[in-house]
Amino acid sequence: MVVETENTGTVRPLNFLEEIIEADIARGQTRVHTRFPPEPNGYLHIGHAKSICLNFGLAKRYNGLCNLRFDDTNPVKEDVEYVDSIKEDVRWLGFEWAGEYYASDYFEQLYQWAIDLINKGLAYVDDQTQEQIRTTRGTVTVPGTESPWRNRTVEENLVLFAGMRAGKYADGEKVLRAKIDMAHTNMLMRDPILYRILHTAHHRTGDAWCIYPMYDYAHGECDSIERITHSICTLEFDVHRPLYDWFIEQLGIFPSHQYEFARLNLTYTMMSKRKLLQLVQNKYVNGWDDPRMPTICALRRRGYTPESVRAFAEKVGVAKRDNVIDLGLLEFCVREDLNRIAQRRMAVVNPLKVVITNYPEGRTEQIVCINNPENEAAGSREVPFSREIYVDRDDFMENPPKKYFRLSPGGEVRLRYGYIIRCDEMVKDASGEVVELRCTYDEQSKGGGSSDGRKVKGVIHWVSAAHAIRAELRLYDTLFTLEDPDDVEEGKTFTDYLNPRSLVCVNAYLEPSLVSAAPGDKFQFERVGYFTPDYDSKPAALVFNRTVGLKDSWAKIADK
RNA sequence: UGACCCAUGGUGUAAUGGCAACACAGCAGAUUUUGGUUCUGUUAUUCUAGGUUCGAGUCCUGGUGGGUCAACCA
């Protein structure tokens with residue numbers, strides 16, 4: 001069985017979740033309703049993008065709905081700043097949620113259901129300290145022991161729980177626990193905590209509550225309230241499923257079902273929300289959208305398109321086995337998209353002045369350049385050309401090896417869309433470094449051809465010295481060099497893992513047409529990489545300097 | 001030394017008892033006014049030992065390896 005993909009325009013086999021859904025439909029289920037349930041305690045990253053594409057994608061494919069639900073049951077970690085950023089990122093990815101919900105909307109219902117459980121003798125108030133609860137829970141190999149408060153009467157529990165809500169007790173003084181089995185092989189079934197006391201203001205409910213439900217108690221019931229049919233989460237929640245089912249069964253409410261898939265891991269990329277928060281708080285980076293971050297807002301700022309992220313999510317697939325995706329696949333996806341849509345521009349990142357000695361002084365002419373060779377509709381533009389130009393230092397070698405196609409003493413090269421020039425002379429400074437090239441041009445070679453029909457293999461980019469925009473260009477590379485994404489050792493800080501090449505600022509000369517570039521526009525610097533003007537510091541630009549791989553391919557040629 | 005989940009090229013994902021395939025990465029070549037793109041070719045895969053079967057990547061049993069679980073986090 002195969003399915004047509006919306007993002008890549010190709011056909012692929014069904015993933016295991018789609019097979020589950022199709023089986024449900026075949027069995028007569030008429031409705032598919034999923035949800036994306038982030039806790040608003042940080043910004044969304046590329047790992048969340050996989051989950052978003054999955055949940056919204058499944059709903060769309062089966063004509064169902066997908067909710068956006070904020071899992072805001074722990075006020076000490078959460079904030080509206082995160083709520084807002086999450087909504088922005090989901091929208092940017094191209095998805096619309098059927099309903100926007102908050103676990104905190106259900107606090108009253110959740111509280112009433114807790115009373116139900118007490119009435120059924122399935123929950124009790126425990127006076128033990130946090131330490132006592134921890135030690136009496138046992139270990140994975142040793143059963144736990146029952147709390148001395150486990151067999152309080154229903155009446156007593158009701159009074160105590162009401163007191164908890166009324167604020168009669170301090171944080172940590174009492175908790176409400178489910179009465180299940182302290183010897184259960186699944187640690188989560190050993191009388192899990194349902195409610196804890198937290199005299200902390202909540203970003204939505206303010207001071208209305210001083211008791212807050214735990215994830216395990218709240219999540220399945222929230223799904224049930226929203227009549228979610230397929231509650232999809234990551235693998236580590238697998239052991240929570242028996243509890244998820246237990247609450248729904250004991251309460252006799254709508255039977256949502258949980259399914260687990262393997263979360264995304266990326267080489268060189270740290271995906272832990274907790275650690276990303278530390279990076280921001282300790283100012284190792286300039287905020288959540290620093291282009292070196294793996295967050296969605298950072299990818300956006302770095303020039304990724306939503307289409308490319310969706311295509312990536314499609315390509316990594318969905319399964320239950322742990323995985324580490326090569327960062328190269330993400331880069332492939334963005335290159336594939338950008339190559340199609342980005343207009344070409346010339347830029348010189350590391351300038352070397354070239355004087356064309358036989359070109360008239362003071363003369364300027366306009367050279368017609370194609371905006372995108374693969375898309376005629378993108379049209380063309382005119383770029384000024386004059387006697388003095390800049391070319392990239394990498395495009396000249398004093399002692400070129402074999403198969404070097406660009407400029408060298410006595411050699412010829414074509415200026416893209418312009419003339420063929422020959423290098424006649426090098427000007428060096430006192431230290432022997434080449435600071436200027438003196439060349440002559442073939443007047444008959446403009447745009448193509450040459451005076452005698454000869455061809456040159458090398459084509460380089462250039463900008464007119466008098467007309468170029470001088471700009472600070474920021475080159476970004478991968479942030480982390482960790483092989484194991486979560487492996488920050490004790491005693492080390494994040495800076496120990498920063499890639500020294502991750503941020504390089506250079507002064508560059510850009511084509512004048514880029515003056516009118518708007519933030520978010522996509523361009524390709526010919527032979528350098530893709531870039532998008534940054535939105536907070538024009539005219540700086542962001543470049544994928546690993547994308548085209550000029551340096552890599554050159555290194556290989558040099559090796560031979 | 002418990003319960004649960006998982007095991008297919010370098011990395012991912014298919015094959016649902018019947019020819020192990022697709023993508024990325026790699027390598028080689030062609031095209032190219034971007035050493036990009038595109039195109040062609042190519043290297044490389046079922047953790048292990050038994051069992052069931054005409055036939056096992058797939059089903060069964062054991063082993064091995066990896067992961068998850070002992071927050072009043074989610």
Side-chain angles (χ1 to χ4, degrees), chain A residues 1-2 8 10-15 19 37-39 41 71-74 76-78 126 129-130 133-135 137-144 171-177 184-190 193-198 211-212 214-216 218-219 233 235-242 260 262 267 273-274 315-333 335-336 339-340 344 346 369-370 373-374 403-406 414-418 420 447-448 455-461 524-530 547-550 552-554 556-557:
Chain A
M1 195 95 89
V2 296
T8 57
T10 52
V11 171
R12 63 159 175 79
L14 253 38
N15 64 45
E19 288 186 0
E39 182 189 14
N41 66 345
D71 223 335
D72 55 351
T73 56
N74 183 7
V76 301
K77 287 186 174 179
E78 297 154 6
D126 195 344
T129 64
Q130 189 166 348
I133 289 176
R134 188 171 58 80
T135 53
R137 187 155 28 219
T139 70
V140 290
T141 53
V142 179
D171 290 4
E173 205 175 323
K174 288 184 177 6
V175 290
L176 184 72
R177 300 178 74 175
H184 204 287
T185 52
N186 183 338
M187 298 287 293
L188 291 165
M189 300 297 273
R190 320 240 261 229
I193 292 170
L194 271 40
Y195 273 91
R196 77 284 216 191
I197 300 169
L198 242 34
I211 57 171
Y212 291 93
M214 298 288 289
Y215 165 86
D216 281 311
H219 200 90
C233 62
L235 244 35
E236 65 269 28
F237 290 99
D238 181 293
V239 286
H240 296 245
R241 182 151 33 88
E260 309 85 22
T267 54
K273 249 189 187 180
R274 187 177 61 79
K315 280 176 189 291
V316 299
V318 187
K320 294 193 77 161
R321 88 178 93 147
D322 293 328
N323 61 79
V324 184
I325 309 289
D326 194 324
L327 186 61
L329 184 62
L330 179 61
E331 295 187 334
F332 167 82
C333 291
R335 265 185 280 130
E336 189 179 47
N339 184 59
R340 199 177 70 243
R344 275 57 170 167
M346 291 192 286
C369 299
I370 307 298
E374 281 149 67
K403 289 196 174 178
Y404 183 78
F405 303 138
R406 285 165 274 165
R414 175 174 294 283
L415 299 175
R416 186 144 162 92
Y417 296 122
I420 292 174
K455 301 244 180 195
V456 294
K457 173 99 176 160
V459 178
I460 64 173
H461 49 170
Q524 186 198 76
F525 281 168
E526 309 243 7
R527 293 220 350 270
V528 176
Y530 296 94
T547 303
V548 173
L550 178 65
D552 289 346
S553 60
W554 170 239
K556 280 170 201 158
I557 292 166

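Computation of the quantities below employed the complete heavy-atom set of this structure, encompassing side-chain atoms and omitting hydrogens, waters and symmetry-equivalent molecules. Reminder, nothing fancy here: chain letters follow the sequence lines and each chain counts from 1.
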#### Entry: Listed nucleotide nearest any side-chain atom of V459(A), set U34(B), A74(B), A70(B)
U34(B)
### Task
Evaluate the ring planes of Y215(A) and H240(A), with Trp represented by its six-membered ring, and classify them as parallel (under 30°), tilted (30 to 60°) or perpendicular (over 60°).
perpendicular
### D171(A) CG to Q130(A) CD distance, which is reported to the nearest 0.5 Å
10.5 Å
### Query
Looking at the angle O4'-C1'-N9-C4 for a purine or O4'-C1'-N1-C2 for a pyrimidine, is A25(B) syn or anti, with syn meaning within 90° of 0?
anti
### Query
Nearest to the side chain of V239(A), which nucleotide is it out of U68(B), U32(B), A74(B)?
U68(B)
### Message
Using a 4.0 Å heavy-atom cut-off, does Y195(A) contact any base of the nucleic acid, only the sugar-phosphate backbone, or nothing at all?
### Response
nothing
### Task
Start with the C-alpha gap between E526(A) and R416(A), add the side-chain angles, then the distance that decides, and say whether salt bridge (Lys or Arg N to Asp or Glu O under 4.0 Å) holds.
CA-CA 10 Å; E526(A) 309 243 7; R416(A) 186 144 162 92; 2.8 Å; yes
### Query
For the side chain of Q524(A) and the base of U34(B), is some donor closer than 3.5 Å to an acceptor across the two?
yes
### Task
Decide yes or no for K320(A) and D238(A): does some side-chain heavy atom of the first lie under 4.5 Å from some side-chain heavy atom of the second?
yes
### Query
Just how far, in rounded Å, is P of C73(B) from CG of L194(A)?
13 Å
### Query
How is H184(A) classified with respect to the nucleic acid when contacts are heavy atoms under 4.0 Å: base, sugar-phosphate, or nothing?
nothing
### Query
Within this structure, what is the CE-to-P distance between M187(A) and C5(B), rounded to whole angstrom?
18 Å
### Query
Side chains of N339(A) and E374(A): do they bring a donor and an acceptor to under 3.5 Å?
yes
### Task
Please state the C1' separation for the pair G10(B) and U48(B) - nearest whole angstrom.
22 Å
### Task
Counting heavy atoms from C-beta on, name the nucleotide in C73(B), A70(B), U37(B) closest to the side chain of R196(A).
C73(B)
### Message
Could you tell me how far apart R406(A) (CZ) and U32(B) (P) are, to the nearest whole angstrom?
### Response
19 Å
### Message
Nearest 0.5 Å, please: how far is NZ in K315(A) from CD1 in I325(A)?
### Response
12.0 Å
### Task
Choose from C69(B), C24(B), G36(B) the nucleotide whose nearest atom is closest to any side-chain atom of L188(A).
C69(B)
## Note on the structure
Scoring nucleotides 10-15 of chain B by protein non-hydrogen atoms under 4.0 Å (B base, S sugar-phosphate only, - none) yields -SSSSS
### Query
Within the structure shown, what part of the strands sits under 4.0 Å from R134(A) by heavy-atom distance: base, sugar-phosphate, or nothing?
sugar-phosphate
### Query
Touch check for E374(A), heavy atoms < 4.0 angstrom, all strands: base, sugar-phosphate only, or nothing?
base
### Task
Report yes if some heavy atom in the side chain of V175(A) is under 4.5 Å from a heavy atom in the side chain of I133(A); otherwise report no.
yes
## Note on the structure
From the candidates C72(B), G36(B), G2(B), the one with an atom nearest any side-chain atom of T141(A) is G2(B)
### Task
Could you tell me whether T135(A) contacts a base, only the sugar-phosphate backbone, or nothing, with contacts defined as non-hydrogen atoms closer than 4.0 Å?
nothing
### Task
Check whether any side-chain N or O of T73(A) sits under 4.0 Å from OP1 or OP2 of A74(B), and answer yes or no.
yes
### Task
Could you check how far CG of L327(A) sits from C1' of A23(B), rounded to whole Å?
16 Å
### Task
Would you indicate what M346(A) reaches in the nucleic acid, counting non-hydrogen atoms under 4.0 angstrom: base, sugar-phosphate, or nothing?
nothing
### Task
Could you check how far OH of Y212(A) sits from P of A71(B), rounded to whole Å?
23 Å
### Task
For Y417(A), answer base if it contacts any base atom (sugar-phosphate contacts may also be present), sugar-phosphate if it contacts only those atoms, and nothing otherwise; contact means non-hydrogen atoms under 4.0 Å.
base
### Query
Between E39(A) and K273(A), is there a salt bridge with N-O shorter than 4.0 Å?
no
### Query
L235(A) has an atom CG; how far is it from atom P of C4(B), in whole Å?
15 Å
### Message
Base, sugar-phosphate or nothing for E236(A)? Non-hydrogen atoms, less than 4.0 Å.
### Response
sugar-phosphate
### Task
Assign R416(A) to base, sugar-phosphate, or nothing according to its heavy-atom contacts below 4.0 angstrom with the strands shown.
base
### Smallest separation among heavy atoms of R190(A) and V142(A), with atom names
NH2-O, 2.8 Å
### Pair assignment for RNA chain B - dot-bracket with | for other-strand partners, Watson-Crick or G-U under 3.5 Å
.((((((..((((....[..)))).(((((.......)))))....(((((..]....))))))))))).....
### Message
If you only use heavy atoms from C-beta on, which nucleotide in C72(B), U37(B), U34(B) is closest to the side chain of R335(A)?
### Response
U37(B)
### Message
I need the CD1-P distance between I460(A) and G36(B), as an integer number of Å.
### Response
17 Å
#### Entry: Value in whole Å for how far the C1' atom of U34(B) lies from CD of E526(A)
5 Å
### Message
Counting the atoms with a prime plus P, OP1 and OP2 as sugar-phosphate, which does K77(A) contact under 4.0 Å by heavy atoms, base, sugar-phosphate, or nothing?
### Response
base
